[in-house]
Amino acid sequence: MASDRYNARDAEARWQKIWDERGIFATRNDDPRPKYYVLEMFPYPSGRIHMGHVRNYTMGDVVARVKRAMGFNVLHPMGWDAFGMPAENAAMERKVHPKTWTYDNIAAMKKQLKSMGLSLDWSREIATCDPAYYKHQQKMFLDFLRAGLVERKKSKVNWDPVDQTVLANEQVIDDRGWRSGALVEQRELTQWFFAITKFAAPLLEALGTLDRWPEKVRLMQKNWIGRSEGLLIRFALDQATTPQGQTELEVFTTRPDTLFGAKFMALAPDHPLATVAAKNNPALRAFIEQCRHRGTAQAEIDTAEKLGFDTGMRAIHPFDPAWKLPVYVANFIVMDYGTGAIFGCPAHDQRDLDFANKYGLGNVPVVCPPGVDPKTFVITDTAYDGDGRMINSRFLDGMTFEEAKEEVAKRLERRLRPAALPAPQRGRAASEARQVGAGKQADPSPDRVPRSGPPISGEDAMAQRQVNYRLRDWGISRQRYWGCPIPIIHCETCGAVPVPEKDLPVTLPEDVTFDRPGNPLDHHPTWKHVACPQCGGPARRETDTMDTFVDSSWYFERFTDPWITNAPTDRQMVNAWMPVDQYIGGIEHAILHLLYSRFFTRAMRETGHIGLDEPFAGLFTQGMVVHETYRRANGEWAAPAEVKVETDGDTRRATLIATGEQLAIGPIEKMSKSKRNTVDPDDIIDTYGADVARWFMLSDSPPDRDVNWTEKGVQGAWRFAQRLWRLAGEAAEIAQGAPHERPSRFSAEATALRKAAHTALARVTDDIEKLHFNVCVAHIYEFANALNAVIGELGAQKALSEGSKGDPRYGAKAGSRGGSDGPSGSESAYAPDLRWAMREAVSILVRLFHPMMPHLAEECWAMLGHDTLVAQAAWPELEPTLLVEETVTLPVQINGRKRADVTVARDAGNADIESAVLALDAVKRALEGKKPKKVIIVPQRIVNVVA
RNA sequence: GCGGGCGUGGCGGAAUUGGUAGACGCGCGGGAUUUAGGUUCCCGUGACGAAAGUCGUGGGGGUUCGAGCCCCUCCGCCCGCACCA
């Protein structure tokens, strides 16, 4: 041995080169073995990897390596989510082209990922900004369009008037654009939408089949889709109070039972009926304007007062033509949900109550809680939303609220429209109602299926049962350059015309400038000017590009065959590989990315690109990497690399290395640039090696919780890596000359060693399947400790028998390192069965830690005399008989408290165990000569004596 | 407000799912080796106690032979959603 230290830097580069040269991680599509697809969320090429990446990719790599060892054909690819705004920002700030910036970053990050020793199939690498990738995305956009899954409609957007672009909600901070600082305007723009709401029901239902997803994520998606069942009710408007042509108002309610508690109607400020009413009402117009300017910030919504404006219009109660309800415009009604209008029942809805109290509208309780006397039941400040029986509700009185819901639905479904609606207006009214009721679609396209279901269709019905979803269609238009162009050409005469497939891809022009705000594609002198593919007349290209979430909604499908050029996927390959068996990524994608991907896969199924619904069979959401923070007296943050932390007894002290200044140690927080508490993976890999970084990432915390990065912890991992290396060397020497054949008999010593090995094997295998990496690490420590003890003991024996001097505990080292060189089999001091068991044990150990520390494992594997790679070695085979002990030691409790142990034969009968237990001194003492009331014996577990 | 999760030594966390609480690591204490150590190795380490022992999984109560785990209740922290009718 050249050195007594494991040189990670040298070894890691060496093994990475060998893996690379032999191409052992390239996955073949024609491999007959069962498939396993493990995937980590692909990174945005921001420039450098961070510790979150290290954690994410380490976990995925462990799974990939284990599954490979277990005989699966493993697909473990990597790519780049390469479109996005940061590239354009870099272009603006540093005058570098987004493409150059992106590809430079990809090169740098790829090098970093390679230094981690990940078992990735780089032959399938894709970048979403590559026309060879986005070409297929454009094709699918057109397929979706044809299938009615893409729509063009107006929608409200956050518009930054300075940068002249749409901003995502996340990019609006305190009503201002995050870059420009300009006050953001609400604008109506015509945009492209994916009709994700068409799949609202199946997306919700299928959540129940995703049993290998975290409950939390499924719940978040369920709430996001937000299904609610209710009744769409048509209220007639009192013609005497209403502008010409407005005859009715549709509302959605989940509480039709409370109809007799109605006190008012309320419209969203941007409800079409409100707009109509405001035409001749300047005060109402002013009120609506005021609502529009209200902040959208969370704090403001929380504290916002309920405000309303009486339009003067009156609606007629569906069950009583004489009952007129005032129609308000109210600031707490949103146009996005239901019909953008409600009937208010103050007694049973807190918001309605607040509103009614403010405007003196009163309330009538109609649901009486159980055990409360209806005569005394009064609502003042707190609405009652529990269950109970109906009161003050005419024909509903006495029913449960569920029965009442049903009764109202039945009656209104059947009921003829009231005479208040003059018959001749009917046709007109129906179409108006359509517009009013489904008013949120200001640009109605004939074949569009509205989110909230079709408006009431039966001419005579007053209501219709309806399921409503909170989910909104996915607006994908972005006024940006660095994204996938939307393959549409706008023609004056033909409208929006799809780019013919032969003309795909629509590529981004490279000669663009970023010297003024807005979309460079729009500014480009020639790019957008084209001939209409249909009529040949002058037309212009769509200059919006797609949301980058589109890019990441199908990359996992492309990985299954990234070489195919004439289609997004090879149907056979994608069906063979999908779904992803284990997907790993951050919880921050719980909704958007994961929901979009689920939608996209369904849309691909509809358009014939794939044969399944759900892309991810197993999902794991990992925790963040956190680090404590350091702050200088002047308030500036100090980075961990600039800080020296010393421990002095119980206190820890942080000093700024450069100045010796004392620093305040702050709370442990997510690694972030702003707090400067980041640790650079390159530094760690350079100092300790990738294996140590990987090991530490897995060791300290359960993978779904945050892990606290500490220097001490890394050093501990480093020490353990060194220890494994020494241990493997020592074990290899003891095992030298071990027989090839498995001995027929093993000494007690050898059996004990084998039991330790196989116990560890069983536990690690089990916990890896559960992704309990931190527990696997503990098992490996335990096994290494046990092996170390055996080697120490052997060394001591050998030292004694050889009459060596010195502390026998260090004999192993003295014996093996300084002992006879090149011990051939017959000269060995150790029995053949022990040598065989030692070889088996260390071989198991190396294969157990290989997924976590692959380079060190290769080094040890070679040390054991293998000329194969441990990366290609099979997972050790378990001998279950070794896990079964001949005798078991059972804890003995007296009245539920542990007092003694008893060792009995494994198959001892209860009678034998009981007599053995009753013979124990501790038991005799406790019983004081009396007979026990009861003796509970749980086989293989415990004995409890009830005195 | 609604929904969900969590609470175990000085710290991160284990606990075969109702059966020996505290595995494993970090830290800390003691010792050995070393010219030296931020090296390596060994021993110890939940609290109280000299010991026998007693107590102990956020607080209180319950079910059970037996509860960290199940039920009720209260407290604290974290996350998600939110005028969604």
Side-chain angles (χ1 to χ4, degrees), chain A residues 4-5 214-217 219-224 226-228 230 251-255 258 266 268 298 301-302 304 306 330-334 336-345 349-352 354-355 385 468-471 587 590-591 644 646-647 649-650 652 668 696 699-702 705-708 710-717 719-720 722-723 726 763 766-767 772 774-785 788-789 792 806-807 809-810 812-813 889-901 932-938 940-947:
Chain A
D4 19 312
R5 277 242 171 130
E215 188 58 40
K216 183 189 170 82
V217 174
L219 207 83
M220 281 166 71
Q221 291 211 353
K222 183 182 167 218
N223 292 338
W224 187 263
R227 180 181 199 274
S228 54
V251 302
F252 175 73
T253 180
T254 54
R255 294 296 302 273
T258 63
Q298 197 53 61
I301 290 174
D302 284 344
K306 305 264 179 295
N331 65 347
F332 67 100
I333 308 302
V334 295
D336 288 335
Y337 188 76
T339 64
I342 61 151
F343 80 83
C345 175
D349 183 289
Q350 192 59 46
R351 294 158 303 177
D352 296 350
D354 293 345
F355 187 80
D385 60 2
N468 249 313
Y469 295 95
R470 218 185 64 103
L471 185 68
I587 186 76
I591 295 175
K644 188 174 162 192
E646 288 160 306
T647 316
D650 290 342
R652 295 173 66 248
I668 297 164
F696 177 70
S699 64
D700 246 26
S701 297
R705 281 194 226 169
D706 293 350
V707 63
N708 185 22
T710 63
E711 188 66 20
K712 288 282 183 199
V714 184
Q715 284 166 2
R719 274 201 302 276
F720 187 62
Q722 295 294 338
R723 207 168 131 217
R726 284 195 305 270
R763 289 181 178 163
D766 190 44
D767 280 314
H772 290 177
N774 57 322
V775 188
C776 291
V777 162
H779 295 320
I780 291 172
Y781 265 111
E782 217 170 351
F783 179 30
N785 290 345
N788 189 53
D807 190 324
R809 274 181 305 201
Y810 307 104
K813 253 131 270 171
T889 299
L890 300 175
V892 176
Q893 294 183 332
I894 295 165
N895 295 331
R897 290 172 177 279
K898 196 209 162 191
R899 292 298 141 139
D901 288 303
K933 282 203 190 110
K934 211 194 238 182
V935 178
I936 292 145
I937 296 168
V938 183
Q940 312 289 315
R941 277 282 155 78
I942 202 165
V943 181
N944 193 9
V945 178
V946 185

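Chain letters run A, B, ... following the sequence lines, proteins first, then strands; residues in each count from 1. Remember, predicted model here, so these are calculated numbers, not experimental data.
- With a 3.5 Å ceiling on both atom-pair distances, B:rU35 lacks any Watson-Crick or G-U wobble partner.
- A:R705 comes within 4.0 angstrom of sugar-phosphate atoms only, judged by non-hydrogen atoms across all strands, and of no base.
- In terms of heavy atoms, A:V777 sits closest to A:S699 at CG1-CB, 3.6 Å.
- Counting any heavy atom pair closer than 4.0 Å across all strands shown, A:E215 reaches no nucleic acid atom.
- A gap of 35 Å separates the P atoms of B:rA21 and B:rU40, to the nearest Å.
- Sequence order on RNA chain B of the closest nucleotides to A:V945 and A:T253 puts A:V945 first from the 5' end.
- Residue contacts for A:N774: at a heavy-atom cut-off of 4.0 Å it reaches the sugar-phosphate backbone alone, with no base atom in range.
- When heavy atoms are screened at a 4.0 angstrom cut-off, A:I936 is found touching base atoms of the nucleic acid.
- Between A:D352 and A:F343 the shortest heavy-atom distance is OD2-O, 4.1 Å.
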A:Q893 and A:I942: CA distance, side-chain angles, deciding distance, side chain to side chain contact (heavy atoms under 4.5 Å, CB included) verdict: CA-CA 8 Å; A:Q893 294 183 332; A:I942 202 165; 3.5 Å; yes
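- Rounded to the nearest Å, the gap between the C1' atom of B:rU35 and that of B:rU45 is 32 Å.
- Proximity note for A:Q893 (side chain, C-beta onward) versus B:rA85, B:rG38, B:rG19: the nearest is B:rG19.
- With hydrogens and angles ignored, no donor-acceptor pair closer than 3.5 Å exists between the side chain of A:K933 and the base of B:rC65.
- Considering only side-chain atoms of A:N788, the nucleotide from B:rA14, B:rU20, B:rC42 that sits closest is B:rC42.
- Distance NZ (A:K306) to C1' (B:rA82): 11 Å, rounded to an integer number of Å.
- Separation of the C1' atoms belonging to B:rU8 and B:rC77 is 15 Å when rounded to the nearest angstrom.
- A:I333 comes within contact range of at least one nucleobase, with a heavy-atom separation under 4.0 Å.
- Taking every heavy atom of both residues into account, A:G340 and A:I333 meet most closely at O-CG2, 3.4 Å.
- By the rule that a glycosidic angle within 90° of 0 means syn, B:rU17 counts as syn.
- Atom OH in A:Y469 sits roughly 14 Å away from atom P in B:rA85 (whole-Å rounding).
- Atom-to-atom, CD1 of A:I587 to P of B:rC6 comes out at 14 Å; the value is rounded to the nearest Å.
- Rounding to the nearest 0.5 Å places CG of A:D700 at 12.5 Å from CG of A:D706.
- With both pairing distances under 3.5 Å, B:rC6 is matched to B:rG76 as a Watson-Crick or G-U wobble pair.
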Test side chain to side chain contact (heavy atoms under 4.5 Å, CB included) on A:K216 and A:I587 and set out the steps. CA-CA 9 Å; A:K216 183 189 170 82; A:I587 186 76; 3.9 Å; yes
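- A glycosidic torsion no more than 90° from 0 defines the syn conformation; B:rG10 lies beyond that range and is anti.
- Remark: the separation of the C1' atoms in B:rG3 and B:rU54 is 43 Å, to the nearest Å.
- Separating the CZ atom of A:R941 from the P atom of B:rU64 is a distance of 22 Å, rounded to the nearest angstrom.
- Comparing A:E782 and A:I342 against RNA chain B, the residue whose closest nucleotide sits nearer the 5' end is A:E782.
- Residue A:R719 contributes atom CZ, which lies 6 Å from atom P of B:rU39 at whole-angstrom precision.
- A cation-pi arrangement is present between A:K306 and A:F332 under the rule of less than 6.0 angstrom and at most 45 degrees off the ring axis.
- Rounded to whole Å, atom P of B:rG38 lies 18 Å from atom CD of A:Q722.
- Among the atoms of the strands shown, none is found under 4.0 Å from any heavy atom of A:S699.
- Taking the side chain of A:R726 as heavy atoms from C-beta on, and the options B:rA21, B:rA85, B:rC41, the nearest nucleotide is B:rC41.
- B:rC11 and B:rG25 make up a base pair, with Watson-Crick or G-U wobble contacts both under 3.5 Å.
- Distance noted for atom C1' between B:rC69 and B:rA85: 41 Å (whole Å).
- Residue A:N944 places a side-chain atom within donor-acceptor reach of the base of B:rC65, judged by atom type and a 3.5 Å distance cut-off alone.
- Rounded to whole Å, atom C1' of B:rA15 lies 13 Å from atom CD1 of A:I942.
- Residues A:N785 and A:R723 meet the side-chain proximity criterion, which asks for heavy atoms closer than 4.5 Å.
- Within the nucleic acid shown, A:V946 comes within 4.0 Å of sugar-phosphate atoms alone, with no base atom in reach, counting heavy atoms only.
- Pairing of B:rU63, defined by two Watson-Crick or G-U wobble distances under 3.5 Å, is not identified with any nucleotide.
- Of all nucleotides present, none satisfies the Watson-Crick or G-U wobble test against B:rG49 with each distance under 3.5 Å.
- Across all strands shown, B:rG56 forms no Watson-Crick or G-U wobble pair with both distances under 3.5 Å.
- Remark: C1' of B:rG80 and CZ of A:R470 are 11 Å apart, rounded to the nearest angstrom.
- Using cut-offs of 30° and 60° for the angle between ring planes, the A:F252 and A:Y337 rings count as perpendicular.
- Comparing B:rG3, B:rC24, B:rG12 by their closest approach to the side chain of A:A778 singles out B:rC24.
- For the C1' atom pair drawn from B:rC48 and B:rC43, the interatomic distance equals 23 Å after rounding to whole Å.
- Note on A:K712: every side-chain N or O is 4.0 Å or more away from OP1 and OP2 of B:rC26.
- To the nearest whole angstrom, the two P atoms, one in B:rC71 and one in B:rU63, are 15 Å apart.
- Proximity note for A:Y781 (side chain, C-beta onward) versus B:rC24, B:rC79, B:rC65: the nearest is B:rC24.
- One P atom belongs to B:rG19, the other to B:rC70, and the distance between them is 11 Å to the nearest Å.
- Applying the 4.0 Å criterion to OP1 and OP2 of B:rA23, one finds that A:N785 has every side-chain N and O outside that range.
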